[in-house]
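Written below as C-alpha cells is the structure these notes are about.
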Amino acid sequence: MSLPPVERQLIVFDFDWSLADQDSDRWVFEVLAPKLRKKMKELKKEVQWTDLVAQSLKELHELGGTREEIEDTLRIMPFHPAMVRGTSALKSRGKTTFFCLSNANIVFITTILKSKGLENLFDEIITNPAEWDPSGLLKLRRRIDPSGPQHECKVGCSPNMCKGDELEAFLKRHQPEFDRIVYVGDGSNDFCPVLRLRKQDVVFCRRYRGLYDLIRPYEEEGRLHCQVRYWTGAWEAEALLDQL
C-alpha cells in the first residue's frame, strides 16, 4: 500500500544496520584489533556499551592504533549504494527534514557520511559525543553523563540515551507538527520512539533484528499506533523511500 503525499515530512534514521550496512562500533575493532573485539564481546554484559567502546578505543590507541587507520576503516565499512541513492533522491525532492538518532558517535557517523558524499544529508544528528585529542586518541563519552540526572525510560533504552525522549525533544524544537514522521530502524533501542509515533506515521523496520522481534507482536495485537513497512536489504529500503 503506497503512502499519501504530504507537505511537511520528517524522516528519522538510526545509523548502524539501518542507514549503514554494518555496526560501526564493532566494525572498527573487527578490522583493526580482533583481540579487542573478542574482549568487548566478553565484557558486553558487565560494562555499559558506550563506556566499553571508549575503553576499547583507549586500548587500541595504546597498542599503536592511529586516527588515520580508524578513519580509513570507517570509510570502507559496508554501506549499500541503494541507500545512498534512496536518501539522496528523497533529499533532492524537498519537503523532508532528515534527523539521525544513533547510539554510535559523532566522529564515526560524520566520517562515514562524508566518505559517501552524504555529509549534508542530515539537518540534525543526535548521538554520543566524541573528539580526537592531539595524540590521535578518539575520546568518546555517553550523551547522558552517568554522573548527572538519568533518563527514566522503562521501555528498554540504553543508559546513554532514550531515543523516545530525544525524538520528542526534536519535535518540540521543530514546530509546527510534521504531517508525517517516517522512522527507519532495526534495533531494540528503536522500539521506544516507534511506540510514540501516530497513526499517520510509519516505521520502516529492518527484518530479523531486535526491533522486528519487538514490533511484530504489537502489530499483530493492534497495539501499535503507526503503520509498518518491512525491509531486509537496502534495495528494498530504497523502494520504500521512493514512495515518500
Side-chain angles (χ1 to χ4, degrees), residues 6 8-20 23-25 44-45 47-54 96-110 113 121-131 139-206 209-219 223-229:
V6 294
R8 190 165 184 267
Q9 176 171 257
L10 171 67
I11 190 161
V12 186
F13 272 94
D14 170 53
F15 191 77
D16 295 325
W17 290 120
S18 295
L19 183 64
D23 180 291
S24 54
D25 288 338
K44 186 183 175 185
K45 291 182 179 176
V47 185
Q48 193 275 332
W49 182 256
T50 309
D51 296 348
L52 182 55
V53 177
T96 301
T97 298
F98 281 72
F99 177 35
C100 180
L101 190 50
S102 168
N103 276 310
N105 71 72
I106 193 64
V107 168
F108 284 7
I109 291 171
T110 54
L113 289 175
L121 179 65
F122 288 106
D123 298 279
E124 191 170 334
I125 299 173
I126 295 292
T127 186
N128 294 301
E131 63 275 327
K139 299 174 85 169
L140 166 66
R141 60 191 186 278
R142 299 187 201 183
R143 175 163 174 80
I144 297 179
D145 189 327
S147 63
Q150 301 300 291
H151 67 69
E152 298 177 357
C153 179
K154 302 291 189 293
V155 176
C157 285
S158 52
N160 62 291
M161 183 196 305
C162 171
K163 285 191 168 187
D165 287 354
E166 295 289 359
L167 175 59
E168 290 201 345
F170 179 91
L171 295 174
K172 283 177 185 170
R173 292 194 300 273
H174 295 81
Q175 295 288 347
E177 281 190 353
F178 290 94
D179 299 326
R180 178 168 60 219
I181 300 168
V182 180
Y183 194 104
V184 186
D186 74 284
S188 56
N189 57 19
D190 294 311
F191 191 47
C192 181
V194 167
L195 288 179
R196 306 189 194 205
L197 298 179
R198 309 158 299 177
K199 64 180 181 180
Q200 68 264 43
D201 302 328
V202 59
V203 56
F204 290 173
C205 172
R206 194 165 198 174
R209 299 188 60 80
L211 181 61
Y212 178 77
D213 294 336
L214 292 168
I215 271 185
R216 288 188 77 204
Y218 268 68
E219 187 189 16
R223 290 192 286 159
L224 206 61
H225 297 300
C226 67
Q227 304 168 59
V228 187
R229 302 287 188 278

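We number each residue from 1, following the sequence as shown.
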Testing the basics here: between V202 and L197, what is the closest heavy-atom pair and its distance to 0.1 Å? O-CD1, 4.3 Å
Exam field: side chain N128 to backbone R143, donor-acceptor pair closer than 3.5 Å: yes
Measuring only between side-chain heavy atoms, which start at C-beta, is L101 closer than 4.5 Å to F170? no
If you look at every heavy atom in C153 and C192, which pair is closest and at what distance? SG-SG, 3.8 Å
Write down the atom of I109, the atom of C100, and the distance for their closest heavy-atom approach. CD1-SG, 4.3 Å
Does CZ belonging to R216 count more than 12 external heavy atoms closer than 6.0 Å? no
Salt bridge between R206 and D14, side-chain N to carboxylate O under 4.0 Å? no
Quick check on side chain to side chain donor-acceptor pair (under 3.5 Å): which of R142, Q48, H151 does N160 satisfy it with? Q48
What verdict does the side chain to side chain contact (heavy atoms under 4.5 Å, CB included) test give for D123 and F99, after you've listed the backbone C-alpha separation in whole Å, the side-chain angles of each residue and the deciding distance to 0.1 Å? CA-CA 6 Å; D123 298 279; F99 177 35; over 6 Å; no
Parallel, tilted or perpendicular for F98 and F13, by the 30°/60° rule? parallel
Sidechain-backbone polar pair: D23 side chain, D16 backbone, donor-acceptor under 3.5 Å: no
Looking at E168 and K163, would you say the former's side chain and the latter's main chain have a donor-acceptor pair under 3.5 Å? no
Apply side chain to side chain donor-acceptor pair (under 3.5 Å) to D25 and W49, showing your working. CA-CA 9 Å; D25 288 338; W49 182 256; 2.9 Å; yes
Over all heavy atoms of both residues, which pair between C205 and V228 is shortest? Give the atoms and the distance, please. CB-CG1, 4.5 Å
Looking only at side-chain N and O atoms, does Q200 offer a donor or acceptor that is under 3.5 Å from a partner on R180? no
Closest heavy-atom pair and its distance - N105, V107: OD1-N, 3.0 Å
E177, CD: over 12 other non-hydrogen atoms inside 6.0 angstrom: no
In this structure, are over 12 heavy atoms from other groups packed under 6.0 Å from E152 atom CD? no
Could you check whether any side-chain heavy atom of V194 comes within less than 4.5 Å of a side-chain heavy atom of L214, counting everything from C-beta outward? no
Can you check whether G210's main-chain N or O pairs, donor with acceptor, with D213's side chain at less than 3.5 Å? no
S102 side chain to T127 backbone, donor-acceptor under 3.5 Å: no
Between F178 and R8, is there a cation-pi geometry (under 6.0 Å to ring centre, at most 45° from the normal)? yes
Report the C-alpha separation of V203 and D190 in whole Å, then their side-chain angles, then the decisive distance to 0.1 Å, and conclude whether the side chain to side chain contact (heavy atoms under 4.5 Å, CB included) test is met. CA-CA 10 Å; V203 56; D190 294 311; over 6 Å; no
Can you tell me if E124 uses its side chain to pair, donor with acceptor, with the backbone of F122 under 3.5 Å? no
Ring centers of F108, F15 separated by less than 6.0 Å: no
Taking atom SG of C226 and atom CZ of R198, what is their separation to the nearest 0.5 Å? 10.5 Å
